A.B. asks: 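This is the structure, below, for whatever I ask next.
Since the model is a prediction, treat every value here as computed from it, not as a measurement. Just the heavy atoms: all of them, side chains too, but no hydrogens, waters or symmetry mates, feed the values below. Counting convention: from 1, in listed order, for ligands and their atoms alike.
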Amino acid sequence: MSTIKIITGDITKITADAIVNAANTSLLGGGGVDGAIHRAAGKELLEECKKLNGCETGEAKITKGYKLPAKYVIHTPGPIWHGGTSNEPKLLEKSYYNSLALAEQYGCRSVAFPSISTGVYRFPLEKAAPIALKTIQAFFETSHHVQEVQIVCFSEQVREVYAEALAKLQ
Ligand code: APR
């Protein structure tokens with residue numbers, strides 16, 4: 001029985017098989033959740049990321065979790081919001097799908113996502129939440145390993161948007 005949970009918290013503290021990093025295409029760290037994950041994982045994470053030669057928007061790459069409680073970090077650059085007519089919705093869907101596909105490939109049972117692209121990349125939260133949840137729910141129809149997905153929101157306000165979007169889905 002696969003489940004989606006919406007919680008408020010700090011994703012660097014989450015004990016899941018994999019946590020997802022809202023990265024940029026360089027994969028060399030940044031601010032926001034990217035900065036928090038790199039700080040918590042330690043410098044070995046950046047050393048491994050340097051060998052990955054970046055990542056295209058919507059694609060995903062996996063590394064070890066190092067000092068994080070999570071075994072893996074899945075790095076995905078979400079789209080930067082340019083008004084919604086530059087394929088942003090499709091690219092955001094790809095970020096969630098490709099992260100889940102990698103988690104499945106690595107035999108992960110539990111995966112935790114931040115709210116990808118809705119911070120620095122300015123993707124409107126009310127548009128991002130349904131895209132994220134629909135993509136996760138559709139993935140569950142074919143997944144064998146991934147059974148539990150958490151959306152880890154950094155504030156109660158963000159959690160409420162995802163919780164409302166999830167309620168509308170069911
Ligand atoms: N745990 C969970 N969520 C967090 C954390 C954390 N420790 N820190 C920040 N967030 C939330 C933000 O509040 C926001 O809701 O993650 C969401 C995504 O925001 P950003 O981190 O700004 O990511 P994004 O909008 O995808 O922009 C990515 O920002 O940090 C840089 O290197 C990153 O260039 C990339 C860009």
A.B. asks: Got the closest protein heavy atom to atom 35 (C) of ligand 1, with its distance?
C.D. replies: Y121 OH, 3.5 Å
A.B. asks: Quick one: does S115 get within less than 4.0 Å of ligand 1, heavy atoms only?
C.D. replies: yes
A.B. asks: State, to 0.1 Å, how close P114 and V20 come at their nearest heavy-atom pair, and which atoms those are.
C.D. replies: CD-O, 3.0 Å
A.B. asks: Return a yes/no value for I11: is any of its N or O atoms, backbone included, closer than 3.5 angstrom to an N or O of ligand 1?
C.D. replies: yes
A.B. asks: Which ligand 1 atoms does A36 reach within 4.0 Å, using its non-hydrogen atoms?
C.D. replies: 7 (N)
A.B. asks: How far is atom 29 (O) of ligand 1 from its nearest protein heavy atom, and which residue and atom name does that atom have?
C.D. replies: V120 CB, 3.6 Å
A.B. asks: Provide, to 0.1 Å, the distance between atom 13 (O) of ligand 1 and the closest protein heavy atom, together with that atom's residue and name.
C.D. replies: F154 CB, 3.7 Å
A.B. asks: Taking 4.0 angstrom as the limit and counting only heavy atoms of D34, give me the atoms of ligand 1 inside it, by number and element.
C.D. replies: 30 (O), 32 (O), 33 (C)
A.B. asks: At less than 4.0 angstrom from any non-hydrogen atom of V152, what atoms of ligand 1 do you find?
C.D. replies: 2 (C), 3 (N)
A.B. asks: Specify the protein heavy atom at minimum distance from atom 15 (O) of ligand 1: its residue, its atom name, and the distance to 0.1 Å.
C.D. replies: T118 OG1, 3.6 Å
A.B. asks: Does CD belonging to Q147 count more than 12 external heavy atoms closer than 6.0 Å?
C.D. replies: yes
A.B. asks: State whether the shortest distance between N or O atoms of G31 and N or O atoms of ligand 1 falls below 3.5 angstrom.
C.D. replies: yes
A.B. asks: Would you say E59's side chain and N98's backbone share a donor-acceptor pair under 3.5 angstrom?
C.D. replies: no
A.B. asks: Side chains of K61 and T63, heavy atoms from C-beta outward: is any pair under 4.5 Å?
C.D. replies: no
A.B. asks: For ligand 1, is there an atom lying under 4.0 Å from some heavy atom of A23?
C.D. replies: yes
A.B. asks: Give yes if a backbone or side-chain nitrogen or oxygen of G119 is under 3.5 Å from a nitrogen or oxygen of ligand 1, and no if not.
C.D. replies: yes
A.B. asks: For the backbone of W81 and the side chain of R122, can you confirm whether one donor and one acceptor N or O come within less than 3.5 Å of each other?
C.D. replies: yes
A.B. asks: Counting neighbours of OH on Y97 that are heavy atoms of other residues, nucleotides or ligands and sit closer than 6.0 Å, is the number greater than 12?
C.D. replies: no
A.B. asks: A side-chain contact here means heavy atoms from C-beta on lying under 4.5 Å apart; do Y106 and K71 qualify?
C.D. replies: no
A.B. asks: Using a 4.0 Å cutoff against the non-hydrogen atoms of A22, which atoms of ligand 1 qualify?
C.D. replies: 23 (O), 26 (O), 28 (C), 33 (C)
A.B. asks: Near D10, which atoms of ligand 1 are under 4.0 Å from a heavy atom of that residue?
C.D. replies: 1 (N), 6 (C), 7 (N)
A.B. asks: Where's the contact between C153 and ligand 1, heavy-atom distance under 4.0 Å: side chain, backbone, both or neither?
C.D. replies: neither
A.B. asks: Just need the protein heavy atom nearest to atom 21 (O) of ligand 1, so name the residue and atom and give the distance.
C.D. replies: V33 N, 2.8 Å
A.B. asks: Classify the ring geometry of Y96 against F113: parallel below 30°, tilted from 30° to 60°, perpendicular beyond 60°.
C.D. replies: tilted
A.B. asks: Taking C-beta and beyond as the side chain, do V33 and N21 meet within less than 4.5 Å on heavy atoms?
C.D. replies: yes
A.B. asks: Return a yes/no value for S117: is any of its N or O atoms, backbone included, closer than 3.5 angstrom to an N or O of ligand 1?
C.D. replies: yes
A.B. asks: Specify the closest pair of heavy atoms between T76 and S95, including all atoms of both residues, with the distance to one decimal.
C.D. replies: OG1-OG, 2.8 Å
A.B. asks: Going by heavy atoms in the side chains, are V120 and N24 under 4.5 Å from each other?
C.D. replies: no
